[in-house]
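See below for the structure under consideration.
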Number of protein chains: 2
Amino acid sequence: MHPTNRLETAPPARPLRADAARNREALLAAASAEFAAHGADASVADIARRAGIGKGTVFRHFPTKEHLLGAIVLDRLVTISELGEDLLGAGDAGRALLEFLTAACERVQQLDLSFLLAASPAVLAEPAVSAAQERMFGVVGALVARAQEQGAVRADVTGPDVILLMCAPSHAASPLQDSDPGLWRRYLGVLFDGLRPEGAHPLPHPPPAAPVP
Amino acid sequence: MHPTNRLETAPPARPLRADAARNREALLAAASAEFAAHGADASVADIARRAGIGKGTVFRHFPTKEHLLGAIVLDRLVTISELGEDLLGAGDAGRALLEFLTAACERVQQLDLSFLLAASPAVLAEPAVSAAQERMFGVVGALVARAQEQGAVRADVTGPDVILLMCAPSHAASPLQDSDPGLWRRYLGVLFDGLRPEGAHPLPHPPPAAPVP
DNA sequence: ACCTGAACACCGTTCAAGT
DNA sequence: ACCTGAACACCGTTCAAGT
């Protein structure tokens with residue numbers, strides 16, 4: 001194993017050498033573009049070529065291709081968490097939750113965020129990833145609780161429920177993503193109606209304790 | 001290209017030689033077991049070994065690993081369609097649709113059926129696959145229409161909507177599939193409440209013309 | 001007609017050799 | 001310290017050689 005492998009968001013023990021810092025930046029930019037273009041199975045060789053570095057250098061910065069993808073998804077997690085924290089101050093908590101879920105689905109369209117929930121334990125164990133994860137879980141839990149206090153969301157769903165359901169609209173619409181890029185909005189509408197208190201029927205199974213095992 | 005490649009459900013132009021028929025049966029059984037155990041990325045080598053045949057023989061029966069997976073998912077499609085057709089005679093059409101979606105999610109748990117909606121055009125173009133697909137689309141459309149006539153489902157959703165949303169509960173629950181195998185039932189409950197007419201809000205986007213491009 | 005396994009092109013990952 | 005590209009183990013797929 002390489003001694004200097006660590007995730008890009010972990011605070012560097014000692015600053016990187018100039019060329020290494022430059023390479024990492026180029027690597028992240030190239031990976032973001034390649035993943036956006038070809039999905040999660042963009043090849044490491046293509047990413048390295050686009051970044052203008054050797055394949056070996058990729059694995060010096062990230063232990064695994066999956067970790068590299070994780071580092072990029074992490075960015076979106078932080079962005080969404082920040083938005084959610086802003087929305088915690090909104091007057092209409094139901095509207096705030098819907099706005100938050102809309103923003104989250106927009107990010108998912110760009111780069112599948114849902115993989116994080118199903119990601120390998122190794123990636124989830126990364127301190128930076130699990131910190132960003134917990135931050136987001138906290139935000140969602142608070143948004144849901146406020147919406148419930150105002151009677152905008154049914155009382156029998158939990159924060160973990162909403163986290164697991166968050167990506168469902170994008171996933172349902174994904175087969176038609178190219179021909180109808182806004183379809184997920186329709187299914188977010190259906191989901192949100194299912195989260196409302198009006199017409200809610202008792203759910204046949206208890207909620208999970210946490211959204212990740 | 002091989003001259004004799006065709007999907008297992010297509011009626012054979014002339015009957016297979018005895019050893020070929022035996023091999024195909026062993027291949028399908030082995031593939032079903034390996035896919036169930038290791039998911040869609042079970043290796044062709046492992047499947048061939050389990051079936052007791054050479055790797056080359058796999059590609060004599062199916063042009064692609066994806067087509068092999070397609071042949072197995074096709075089985076479940078047919079099973080579900082048959083169940084749906086039985087349920088068309090039920091008195092309570094809303095209950096019938098819920099029962100159908102429940103059965104479909106149970107099958108998805110066993111082997112991801114949703115991949116079919118996102119499958120490669122080559123697999124979808126297979127006559128046997130597209131026939132099974134259209135059969136199922138017809139069944140779902142009829143179940144939805146009957147439920148709407150009885151006022152059990154909101155009027156502004158369509159058959160294609162329900163087809164796209166069908167796998168959402170299983171997908172949402174998949175990160176916890178091992179620790180909480182029945183969780184999808186909870187999210188099917190949320191989804192179905194979203195499909196009900198009570199408390200339905202107007203949807204922000206028009207429905208798709210067809211569930212596959 | 002059908003089966004087989006060596007061979008091919010590709011993949012993520014490793015590591016000895018360089019600066 | 002860091003970078004590099006040849007090398008490795010694996011993958012799906014092909015095909016010449018067999019029966």
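Order of the sequence lines sets the chain letters (A, B, ...), proteins ahead of strands, with each chain counted from 1.
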Once you apply a heavy-atom cut-off of 4.0 Å, does A:Ala42 come out as touching a base, just sugar-phosphate, or nothing?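 Counting heavy atoms under 4.0 Å across all strands, the contact made by A:Ala42 is with sugar-phosphate only.
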Remember a base hit wins even if backbone is also touched, and classify A:Thr57 as base, sugar-phosphate or nothing at under 4.0 Å, heavy atoms.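 Counting heavy atoms under 4.0 Å across all strands, the contact made by A:Thr57 includes a base.
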Is the distance from OP1 or OP2 of [N] to the nearest side-chain N or O of [X] less than 4.0 Å?
X: A:His61; N: D:dC3; value: yes
X: A:Thr64; N: C:dT13; value: yes
X: B:Asn23; N: C:dC3; value: yes

Could you tell me whether A:Arg22 and A:Asp19 have a side-chain N and a carboxylate O separated by less than 4.0 Å? no
Pairwise side-chain contact, [X] with [Y], heavy-atom cut-off 4.5 Å (strictly under):
X: A:Val129; Y: A:Val73; value: no
X: A:Ser130; Y: A:Leu124; value: no
X: A:Leu27; Y: A:Thr57; value: no

In whole angstroms, how far is the [atom2] atom of [N] from the [atom1] atom of [X]?
X: A:Phe59; N: C:dC11; atom1: CZ; atom2: C1'; result: 10 Å
X: A:Leu16; N: D:dC3; atom1: CG; atom2: P; result: 8 Å
X: A:Lys65; N: C:dC11; atom1: NZ; atom2: C1'; result: 8 Å
X: B:Glu34; N: D:dG12; atom1: CD; atom2: P; result: 11 Å
X: A:Asp19; N: C:dT19; atom1: CG; atom2: C1'; result: 10 Å
X: B:His38; N: D:dC10; atom1: NE2; atom2: C1'; result: 15 Å
X: A:Ile47; N: C:dT13; atom1: CD1; atom2: P; result: 11 Å
X: A:His67; N: C:dG12; atom1: NE2; atom2: P; result: 16 Å

Tell me which nucleotide among C:dT4, C:dC11, C:dC3 gets nearest to the side chain of B:Ile53. C:dT4
For the side chain of B:Val44, starting at C-beta, report the closest nucleotide among D:dT13, D:dC11, D:dC2.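 So the side chain of B:Val44 is nearest to D:dT13.
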So what's the dot-bracket for DNA chain D: Watson-Crick or G-U pairs under 3.5 Å, [ ] if a pair crosses, | if it pairs off-strand? ||.|||||...|||||.||
5'-most contact on DNA chain D: B:Arg17 or B:Asp41, nearest heavy atom basis?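 The residue whose closest nucleotide sits nearer the 5' end is B:Asp41.
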Establish, from distance only, whether the side-chain atoms of A:His205 and B:Asp180 form a donor-acceptor pair under 3.5 Å. yes
Do the side chain of A:Lys55 and the base of D:dT4 come within less than 3.5 angstrom through a donor-acceptor pair of N or O atoms? no
Quick one: CG on A:Leu98 to CG on A:Leu188, what's the gap to the nearest 0.5 Å? 5.5 Å
Take B:Leu203 and B:Arg154 through the side-chain contact (heavy atoms from CB on, under 4.5 Å) test and state the conclusion after the steps. CA-CA 11 Å; B:Leu203 297 172; B:Arg154 57 198 288 173; 3.5 Å; yes
